[in-house]
Amino acid sequence: MEYVGVILFTIHCSLFAVSCSEDESVTEEFSNWQERNDAVINQWAANSSLRKIRVYTQDETSAGKNSDYIYVEVLASGEGTSSPIFTDTCRVAYRGRLIPSTTYSEGYVFDQSYLGDFDVKTIGVADGASWVLGFSTALQNMHVGDRWRVHIPYNLGYGSSENGVIPAYSNLIFDLYLVDFWSPSDKTHPIFKARER
């Protein structure tokens, strides 16, 4: 896992160095970025093959805007029968990227817990309880073993703020696999027994 962290740090530093240059092609990479991301949100909303899930902080009784939802492509369904709640800690494998841009036809990968193709036997995982709204919304609708591609409008991500190598107004696309989850008060969960050793 440390190896993955070193590679990711190197990739992030490389992009940061490039994005700070005066090269015009870099400027074009994210030109009209907010408008491009707004257009993509509308494309997601119009795509009937994507599951539409209202962000958990919004009232379900009103229609809302396209940007009040995450859009999900189910890649695989797990065997789990329950979903995490907001206060649970989740163990996930993920790959996060931006929408396609000039240089990155599949979208720039800004963070990931594993390298190469997804393989449940070799993936790296991360534990956490605090994520952006769109990521948390997805997790609260997943079951252990579910693998989703989650499309998150920028207002449910980092909004108008930059975050490291992620430009302001960036929609986020996560390939997300829920490995496990537990309540902080559930001291019988195997994670707590492992920490006692």
Side-chain angles (χ1 to χ4, degrees), residues 1 4-5 8 37 40-41 44-45 47 49-61 64-99 107-115 117-159 161 163-164 166 170-192 194-195:
M1 193 63 186
V4 172
L8 294 177
N37 279 271
V40 167
I41 294 169
W44 293 341
N47 186 339
S49 69
L50 295 177
R51 182 175 165 199
K52 185 176 174 180
I53 301 174
R54 184 73 171 263
V55 65
Y56 74 91
T57 58
Q58 294 285 325
D59 175 14
E60 287 287 336
T61 60
K65 305 173 294 208
N66 290 341
S67 59
D68 291 335
Y69 297 85
I70 60 170
Y71 300 89
V72 174
E73 177 185 352
V74 176
L75 303 175
S77 295
E79 301 295 322
T81 56
S82 59
S83 298
I85 61 173
F86 180 73
T87 56
D88 287 344
T89 298
C90 296
R91 175 166 287 164
V92 297
Y94 66 90
R95 175 171 288 143
R97 57 191 166 89
L98 305 178
I99 64 170
Y108 172 71
V109 175
F110 59 83
D111 198 8
Q112 57 190 352
S113 67
Y114 60 94
L115 298 175
D117 294 332
F118 177 88
D119 183 342
V120 72
K121 296 175 188 165
T122 60
I123 54 170
V125 295
D127 295 345
S130 177
W131 315 90
V132 296
L133 280 176
F135 199 98
S136 294
T137 297
L139 288 172
Q140 290 175 67
N141 287 275
M142 295 179 77
H143 302 107
V144 169
D146 282 354
R147 186 170 166 235
W148 288 3
R149 178 161 296 142
V150 183
H151 302 79
I152 302 173
Y154 60 80
N155 62 299
L156 303 180
Y158 298 107
S161 301
N163 185 19
I166 301 172
S170 289
N171 296 333
L172 308 175
I173 302 169
F174 280 97
D175 285 354
L176 183 58
Y177 176 71
L178 181 58
V179 177
D180 194 10
F181 67 91
W182 58 90
S183 166
S185 62
D186 180 10
K187 301 304 180 192
T188 63
H189 189 278
I191 193 75
F192 294 107
R195 289 179 182 163

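For the single chain, residues carry numbers from 1 onward in sequence order. We use all heavy atoms of the structure for the numbers below, so side chains are in, but hydrogens, waters and symmetry mates are not.
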Novice: Suppose we call two aromatic rings close when their centres sit under 6.0 Å apart. Are F174 and F110 close by that rule?
Specialist: yes

Novice: Measuring only between side-chain heavy atoms, which start at C-beta, is P84 closer than 4.5 Å to L178?
Specialist: yes

Novice: May I have the step-by-step check of side-chain contact (heavy atoms from CB on, under 4.5 Å) for H151 and V40, ending in yes or no?
Specialist: CA-CA 10 Å; H151 302 79; V40 167; over 6 Å; no

Novice: Please examine the side chains of W131 and V92, heavy atoms only from C-beta on, and report whether any two atoms are closer than 4.5 Å.
Specialist: yes

Novice: Aromatic ring centroids of Y114 and F118 under 6.0 Å?
Specialist: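 Ring centres of F118 and Y114 closer than 6.0 Å.
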
Novice: Can you tell me if D68 uses its side chain to pair, donor with acceptor, with the backbone of K65 under 3.5 Å?
Specialist: yes

Novice: Tell me which one of L172, I152, L133 satisfies side-chain contact (heavy atoms from CB on, under 4.5 Å) with I70.
Specialist: I152

Novice: Does K52 make a cation-pi contact with Y71 (under 6.0 Å, within 45 degrees of the axis)?
Specialist: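 Not satisfied by the 6.0 Å and 45° rule.
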
Novice: Ignoring hydrogens and angles, tell me if any N or O in the side chain of S170 forms a donor-acceptor pair with the backbone of L98 under 3.5 Å.
Specialist: no

Novice: Considering the options R149, R95, R147, which one meets the side-chain hydrogen bond (donor to acceptor under 3.5 Å, both in side chains) requirement together with D175?
Specialist: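 The residue from R149, R95, R147 that satisfies side-chain hydrogen bond (donor to acceptor under 3.5 Å, both in side chains) with D175 turns out to be R149.
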
Novice: What pair of heavy atoms forms the shortest contact from V179 to V144, and how long is it?
Specialist: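 Taking V179 first and V144 second, the nearest heavy atoms are O-CG1, 3.2 Å.
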
Novice: Measure the acute angle between the ring planes of Y56 and F86, then classify it against the limits of 30° and 60° as parallel, tilted or perpendicular.
Specialist: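 Rings of Y56 and F86: tilted, as their planes differ by 30° to 60°.
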
Novice: Would you mind reporting whether L139 and S136 have side-chain heavy atoms less than 4.5 Å apart?
Specialist: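 Counting from C-beta outward, S136 and L139 never come under 4.5 Å.
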
Novice: When you measure from the centre of the six-membered ring of Y69, is the NZ or CZ of R54 closer than 6.0 Å and no more than 45° off the axis?
Specialist: yes

Novice: Would you call D127 and W182 a side-chain contact if the rule is heavy atoms closer than 4.5 Å?
Specialist: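 Sidechains of W182 and D127: in contact.
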
Novice: Is a side-chain N or O of N171 found less than 3.5 angstrom from the main chain of Y154, in a donor-acceptor match?
Specialist: yes

Novice: Please confirm whether the backbone N or O of S77 pairs with a side-chain atom of D146, one donor and one acceptor, at under 3.5 Å?
Specialist: no

Novice: Is a side-chain N or O of S113 found less than 3.5 angstrom from the main chain of Y94, in a donor-acceptor match?
Specialist: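 Such a contact is found between S113 side chain and Y94 backbone.
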
